[in-house]
Undergrad: 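Structure incoming, see below.
Residues take their numbers from the sequence shown, with the count starting at 1. Ligands are counted one by one from 1 in listed order, and the atoms in each one are counted from 1 as well. None of these values were measured; they are calculated from a predicted model.
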Amino acid sequence: MGENLTRKILKAHLADGRMAAGEEIGIKIDEILIQDITGTAAVLHFEAMQLGRVRCKVACSYGDHNVLQVSEENTEDHLYLSTAARKYGIWWAKPGAGIGHQIHQEHFACPGDTALGADSHTVHMGGMGLYAMGAGGLDVAVAMGGGPYYFDMPAVVRVSLTGALRPWSTAKDVILEMLRRKTANGGFGKVFEYVGPGIQNLNLQQRITICNMGAELGATTSIFPSDAVTRDYMRRIGREKDWREVLADPDAAYDESMELDLGAIEPLVALPSNPDKVVPVSQAEGVKVDQVMVGSCTNGSYTDLKAVAQIVKGRKVHPDVTFFVHPSSRMDLEALAREGLLTELIAAGVNVEAATCGACIGVGHVPAKGMKSLRAINRNFKGRTGQKDDEVYLSSSEVAAATAIAGVITDPRKLGLRAPAQEVPATLDLANNPSLVPPASPQDAAAVRVIKGDNIQVIPLKGALEPALRGEVLIALGDNISTDHIMPAGAQMLRFRSNIPKLADYVFNRVDPEFVARAKAKKGGFIVGGSNYGQGSSREHAAIAPMYLGVVGVIVKDFARIHLANLINWGILPMTFADPADHGRVRQGDVLEISDVRRLVEGGASSLVVKNVTQGTTFKVALSLNRRERAYVLAGGKLAHTKAQPLH
Ligand code: MIC
Ligand code: SF4
């Protein structure tokens with residue numbers, strides 16, 4: 001039996017462990033991505049390692065989320081990141097260059113490499129034949145220092161694509177169809193490896209869109225081979241020398257397989273408020289919307305912008321709709337402008353905004369109460385726009401453009417237009433990208449001063465695990481709680497990403513504004529949640545800030561991958577209900593007690609008994625920690641554990 005692509009790349013990068021599904025492995029990382037709202041913490045961790053320069057093939061820091069610098073704290077973060085980048089051997093993409101994933105794809109990504117990013121959508125790079133994952137800042141810092149990245153060996157799913165997309169069906173609809181079939185945690189512990197005759201009919205950017213939004217499946221990552229399509233794209237952008245063929249063996253073995261006929265896919269829409277609430281566009285047709293957006297790392301590329309320009313050409317945005325576009329790369333916008341197509345967007349009344357995450361993360365275009373939005377982006381978790389009662393539909397850029405013209409959700413097949421071709425740019429002048437700044441040479445680096453403003457605060461640590469735990473259930477939640485619910489983003493909060501004591505004041509702010517006061521009054525306690533707890537973003541702040549408020553344990557039905565790793569890294573005990581029915585029995589305000597917990601964790605216990613003191617009952621929870629993770633939890637987190645020794 002031959003080997004699949006995932007195993008081939010992992011084998012070539014294996015630093016520790018055995019590649020059996022579910023067992024922990026450590027891999028060497030080639031390419032690193034950090035950004036301006038997780039990167040300050042990652043760089044602080046890296047500085048604590050005192051290694052001087054990064055020890056990976058390439059690292060780039062992207063000023064992409066806070067491009068508008070709406071507060072001085074954001075600008076201070078950029079100053080810190082840019083000066084640190086120069087000194088430590090990291091590239092710096094200036095605010096306005098675009099969204100990190102797209103810039104990285106264009107400038108640095110090399111097929112066959114491993115990539116790790118302090119952002120969940122780093123999986124984007126899978127579309128170019130990289131094995132790429134998102135992680136918390138602490139894990140990324142270790143990899144920047146040359147240390148292995150540890151995670152559980154995933155099961156590899158063969159997704160066999162046949163046929164070709166019909167007009168008006170897009171790559172976005174392919175990933176929405178995956179979400180419809182598999183749901184938001186259907187990818188847990190899995191890599192989706194796309195193969196089959198259909199992949200020839202998807203261009204590089206379409207493959208990227210599919211892999212990018214694989215994050216919403218909870219997948220470890222997704223990957224396409226690097227083939228003639230990849231080579232053609234890399235030739236166009238002037239990087240053919242970085243191309244290499246990376247394929248699965250023809251007789252490769254897989255852990256699971258599934259089939260998808262591209263020809264059967266139709267335009268789809270995800271209803272509010274989770275990316276897996278997918279229905280055919282016909283079921284949402286006619287819904288009046290106030291806002292339409294095209295952008296994000298999923299839908300902001302040249303391919304999307306060009307499709308939108310072709311649809312709105314000669315038309316006008318509906319008077320009741322604000323239609324805004326955030327390009328994901330300034331180079332892509334430039335390519336569009338050179339073709340004269342930018343004019344079509346402007347003339348139609350589309351607001352062409354900075355190349356940034358922008359409204360995707362609640363910076364700008366916050367809907368008013370009662371407004372509905374349709375967005376060609378990747379996430380519609382409730383409150384993510386900055387409006388706690390928002391109603392966001394997700395779709396392709398084509399459905400979005402048609403809707404912006406009509407004012408109601410519209411099936412673009414009814415426009416009577418020819419479907420726009422899905423194109424990648426003919427060329428990109430990457431060598432002249434004015435927004436990419438190289439690091440100083442090792443000789444010049446010594447003279448570079450890292451500027452750390454007042455907003456860059458030392459990250460607090462937790463104390464060692466207590467002999468026993470006792471505390472109140474501070475909040476009891478249902479399924480699919482995202483890190484956006486736990487530690488919201490948006491302009492108001494993002495300025496405090498480098499200042500945990502201030503940021504912590506917003507934990508669960510949009511779910512329960514009383515949470516922080518309660519956590520402070522009770523001096524911490526427990527969080528109870530349902531299935532897929534911590535889905536979405538990689539932000540380790542969703543672990544650090546609750547830890548700062550005294551949260552000692554989280555008990556849920558099951559966790560999302562990156563958040564689970566972050567809880568362990570920051571010393572919070574992650575537990576799952578042995579009997580999921582117990583989830584419904586625990587109430588906010590119940591006092592829980594876990595006796596002898598420290599000794600049990602030290603002894604490698606795989607389950608614990610929790611006493612519900614208020615109700616006079618007990619229930620069992622599972623504890624799934626390996627030796628390394630136990631050491632972190634016992635010490636009060638990974639940093640606390642490694643304080644006396646180098647981090648890697
Ligand atoms: C997101 O899409 O939620 C973000 C903002 O890009 C996050 C990173 C963060 O919160 O800093 C992610 O996806 O990891
Ligand atoms: Fe930025 Fe949105 Fe992509 Fe996150 S999902 S990296 S906020 S564009």
Undergrad: Please verify the inter-ring angle class for His485 with Phe381; under 30° counts as parallel, over 60° as perpendicular, anything in between as tilted.
TA: tilted
Undergrad: Specify side chain, backbone, both or neither for Asn378, according to which of its non-hydrogen atoms lie closer than 4.0 Å to ligand 2.
TA: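 It is the side chain that gets close, since no backbone atom is under 4.0 Å.
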Undergrad: A quick test of your reading: do over 12 heavy atoms of other residues, nucleotides or ligands sit less than 6.0 Å from CZ of Phe151?
TA: yes
Undergrad: Can you tell me which portion of Gln35 lies within the under-4.0 Å heavy-atom range of ligand 2? Options are side chain, backbone, both, or neither.
TA: neither
Undergrad: Closer than 2.8 Å to atom 1 (Fe) of ligand 2, do we get an N, O or S atom from Cys357, backbone or side chain?
TA: yes
Undergrad: In terms of atom number and element, which parts of ligand 2 are under 4.0 angstrom from non-hydrogen atoms of Ile361?
TA: 7 (S)
Undergrad: Between His563 and Tyr533, is the ring centre distance below 6.0 Å?
TA: yes
Undergrad: Applying a strict 4.0 Å limit to heavy atoms, is Arg379 in contact with ligand 1?
TA: yes
Undergrad: Would Lys94 and Val437 count as a side chain to side chain contact (heavy atoms under 4.5 Å, CB included) if you check the C-alpha gap in whole Å, the side-chain angles of each, and the deciding distance to 0.1 Å?
TA: CA-CA 7 Å; Lys94 287 166 65 178; Val437 184; 3.9 Å; yes
Undergrad: Check each atom of ligand 1 against the heavy atoms of Ile37 and keep those under 4.0 Å away; list them by number with element.
TA: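 It comes down to these atoms of ligand 1: 5 (C), 9 (C), 11 (O).
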Undergrad: Against heavy atoms of Ile99, which atoms of ligand 2 measure under 4.0 Å?
TA: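 Counting atoms of ligand 2 from 1, those under 4.0 Å from Ile99 are 8 (S).
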Undergrad: Looking only at the aromatic ring of each residue, does the gap between the centers of Phe108 and Trp91 stay below 6.0 angstrom?
TA: yes
Undergrad: Between His101 and ligand 1, which part of the residue brings a heavy atom under 4.0 Å of the ligand: side chain, backbone, both or neither?
TA: neither
Undergrad: Any idea which part of Gln35 is under 4.0 Å from ligand 1, heavy-atom wise: side chain, backbone, both or neither?
TA: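 For Gln35, the contact with ligand 1 is made by the side chain alone.
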Undergrad: Would you list the pairs meeting salt bridge (Lys or Arg N to Asp or Glu O under 4.0 Å) in which at least one residue belongs to residues 30-49, sequence neighbours left out?
TA: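 For residues 30-49: Glu47-Lys452.
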Undergrad: Any idea which part of Ile361 is under 4.0 Å from ligand 1, heavy-atom wise: side chain, backbone, both or neither?
TA: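 Under 4.0 Å from ligand 1, Ile361 contributes side-chain atoms alone.
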Undergrad: Rounded to the nearest 0.5 Å, what separation is found between the CG atom of Asn509 and the CE atom of Met487?
TA: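 The CG atom of Asn509 sits 7.5 Å away from the CE atom of Met487.
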Undergrad: Using a 4.0 Å heavy-atom cut-off, which part of Glu216 comes near ligand 2: side chain, backbone, both, or neither?
TA: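 The answer is neither.
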Undergrad: If you measure from each non-hydrogen atom of Asp119 to ligand 2, which part falls under 4.0 Å: side chain, backbone, both or neither?
TA: side chain
Undergrad: Please write down residue, atom name and distance for the protein heavy atom closest to atom 3 (Fe) of ligand 2.
TA: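 For atom 3 (Fe) of ligand 2, the nearest protein heavy atom is Cys297 SG, 2.3 Å.
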Undergrad: Measuring from non-hydrogen atoms of Met487 to any atom of ligand 1, is the shortest distance under 4.0 Å?
TA: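 It does not; every heavy atom stays at 4.0 Å or beyond.
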Undergrad: Do Trp570 and Tyr632 pass the ring-ring contact (aromatic ring centres under 6.0 Å, His included) test, and can you show the C-alpha distance, the side-chain angles, and the key distance before you say yes or no?
TA: CA-CA 8 Å; Trp570 293 96; Tyr632 295 162; over 10 Å; no
Undergrad: To check your reading of the model: name the closest protein heavy atom to atom 2 (Fe) of ligand 2, its residue, and the distance in Å.
TA: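 Sorting protein heavy atoms by distance from atom 2 (Fe) of ligand 2 puts Cys360 SG, 2.3 Å first.
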Undergrad: Is the contact between His101 and ligand 2 made by the side chain, the backbone, both, or neither, using heavy atoms and a 4.0 Å cut-off?
TA: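 Side chain only.
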